[in-house]
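Everything below concerns the one structure shown next.
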Amino acid sequence: DTEVTQTPKHLVMGMTNKKSLKCEQHMGHRAMYWYKQKAKKPPELMFVYSYEKLSINESVPSRFSPECPNSSLLNLHLHALQPEDSALYLCASSQPPGLAGRVDTQYFGPGTRLTVL
Amino acid sequence: GQQLNQSPQSMFIQEGEDVSMNCTSSSIFNTWLWYKQDPGEGPVLLIALYKAGELTSNGRLTAQFGITRKDSFLNISASIPSDVGIYFCAGQRETSGSRLTFGEGTQLTVNP
């Protein structure tokens, strides 16, 4: 099973709202990722969790707050977003880098289409 | 961050034609990945390449890891309408940890 699930599929929120995106995988992967993707552009890495600890934050504004409650779940908490934050938010998972540095293949979820009004 | 040079940017072909796209870089990569993305969906892994010179097939798809480790190509044979989508290459270096470097994508349109 190579499935990563994300909820909700679509989300519309105002700039004063607080919402959360959820991601789940049951492949036994110990690395999970959040990406942001604008239309017809490649995904941009936001955060990486490795063994449930935040290992990479690509200078993402604090209005995005990731959380990894356990090895299968990844959340992205949203607060006071701007209209330019509207995008497709993708979750991915893989095994973390091994001793030789090789990273296992990343598998993506279907994404959450976020619109900020 | 640095991005791969992926070409062509878009392709318009007739059903049944073969397709070729490639990615090049000035840097060496240890892994090359090819993904396909349909509108409103997440990227789906097509082929993963781990060794220089490796040639791997997945049905009508064939991809190769360049011998210099700085490039990769993806071929699609006998295209069908459901091949429509955006194809992304992605490379990974040992020194970059979990980070993938993505190409800008190739938008494929297949006319029936």
Side-chain angles (χ1 to χ4, degrees), chain A residues 2-6 9-10 21 23 25 27 29-51 53-59 87-115, chain B residues 1-10 21 23 25 28-52 54 56 58 63 65 69 84-109:
Chain A
T2 57
E3 188 178 59
V4 178
T5 59
Q6 290 187 243
K9 179 75 170 174
H10 301 276
L21 309 184
C23 174
Q25 59 89 13
M27 294 178 277
H29 289 165
R30 300 304 297 275
M32 296 187 75
Y33 310 75
W34 280 115
Y35 288 86
K36 173 184 177 181
Q37 187 180 30
K38 291 286 198 178
K40 299 190 184 300
K41 290 294 187 181
E44 299 175 24
L45 184 64
M46 300 175 70
F47 302 103
V48 181
Y49 274 82
S50 183
Y51 297 102
K53 294 191 187 311
L54 184 65
S55 59
I56 296 176
N57 176 344
E58 295 285 47
S59 302
L88 183 68
Y89 286 83
L90 295 164
C91 174
S93 73
S94 75
Q95 292 298 358
L99 289 176
R102 171 178 150 175
V103 177
D104 198 12
T105 306
Q106 291 186 27
Y107 294 91
F108 286 84
T112 293
R113 172 68 61 190
L114 174 67
T115 302
Chain B
Q2 179 184 0
Q3 290 181 325
L4 301 172
N5 299 312
Q6 184 171 350
S7 64
Q9 186 174 8
S10 62
M21 59 192 77
C23 279
S25 173
I28 288 173
F29 286 92
N30 301 102
T31 301
W32 284 92
L33 305 170
W34 285 93
Y35 291 91
K36 182 196 175 197
Q37 188 170 24
D38 292 328
E41 299 293 331
V44 174
L45 181 69
L46 300 174
I47 292 179
L49 302 160
Y50 299 108
K51 293 172 62 175
E54 180 180 357
T56 298
N58 178 8
F65 192 148
R69 296 163 66 191
V84 166
I86 301 179
Y87 292 78
F88 289 104
C89 64
Q92 185 262 330
R93 302 185 185 86
E94 285 184 359
T95 55
S96 64
S98 303
R99 291 180 179 86
L100 293 178
T101 301
F102 283 89
E104 285 291 294
T106 296
Q107 173 73 63
L108 178 64
T109 302

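Nothing here was measured: the structure is a model prediction, and the numbers come from that model. All chains are named by letter (A, B, ...) in the order of the sequence lines, taking the proteins before the strands, and each is independently numbered beginning at 1.
- Nearest heavy atoms, A:Leu90 versus B:Pro43: CD1-CD, 3.7 Å.
- If you measure heavy-atom distances from B:Gln6 to chain A, you find no contacts under 4.5 Å at all.
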Could you give me the CA-CA distance, side-chain angles and deciding distance for A:Gln106 and B:Gln92, then say whether side chain to side chain contact (heavy atoms under 4.5 Å, CB included) is met? CA-CA 11 Å; A:Gln106 291 186 27; B:Gln92 185 262 330; over 6 Å; no
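- Here the shortest heavy-atom pairing between A:Pro43 and B:Phe102 reads O-CD1, 3.8 Å.
- Taking the side chain as every heavy atom from C-beta outward, A:Tyr33 and B:Leu100 never approach each other to under 4.5 Å.
- Counting heavy atoms from C-beta outward, A:Thr105 and B:Tyr50 have side chains that approach closer than 4.5 Å.
- For A:Glu44, no part sits under 4.5 Å from any heavy atom of chain B, backbone or side chain.
- Both the backbone and the side chain of A:Lys40 come within less than 4.5 Å of a heavy atom in chain B.
- Per-residue heavy-atom pair counts under 4.5 Å with chain B were compared for A:Ile56, A:Leu88, A:Val48, and the maximum is reached by A:Ile56.
- More than 12 non-hydrogen atoms from other residues, nucleotides or ligands lie less than 6.0 angstrom from NZ of A:Lys9.
- Here A:Glu58 pairs with B:Arg99 under the salt bridge (charged side-chain N to carboxylate O under 4.0 Å, His left out) rule; sequence neighbours left out.
- Between atom CD of residue A:Gln37 and atom CZ of residue B:Phe88 there is a gap of 5.0 Å, rounded to the nearest 0.5 Å.
- Counting heavy-atom pairs closer than 4.5 Å to chain B, the top-ranked of the candidates A:Cys91, A:Gly111, A:Pro110, A:Gly109 is A:Pro110.
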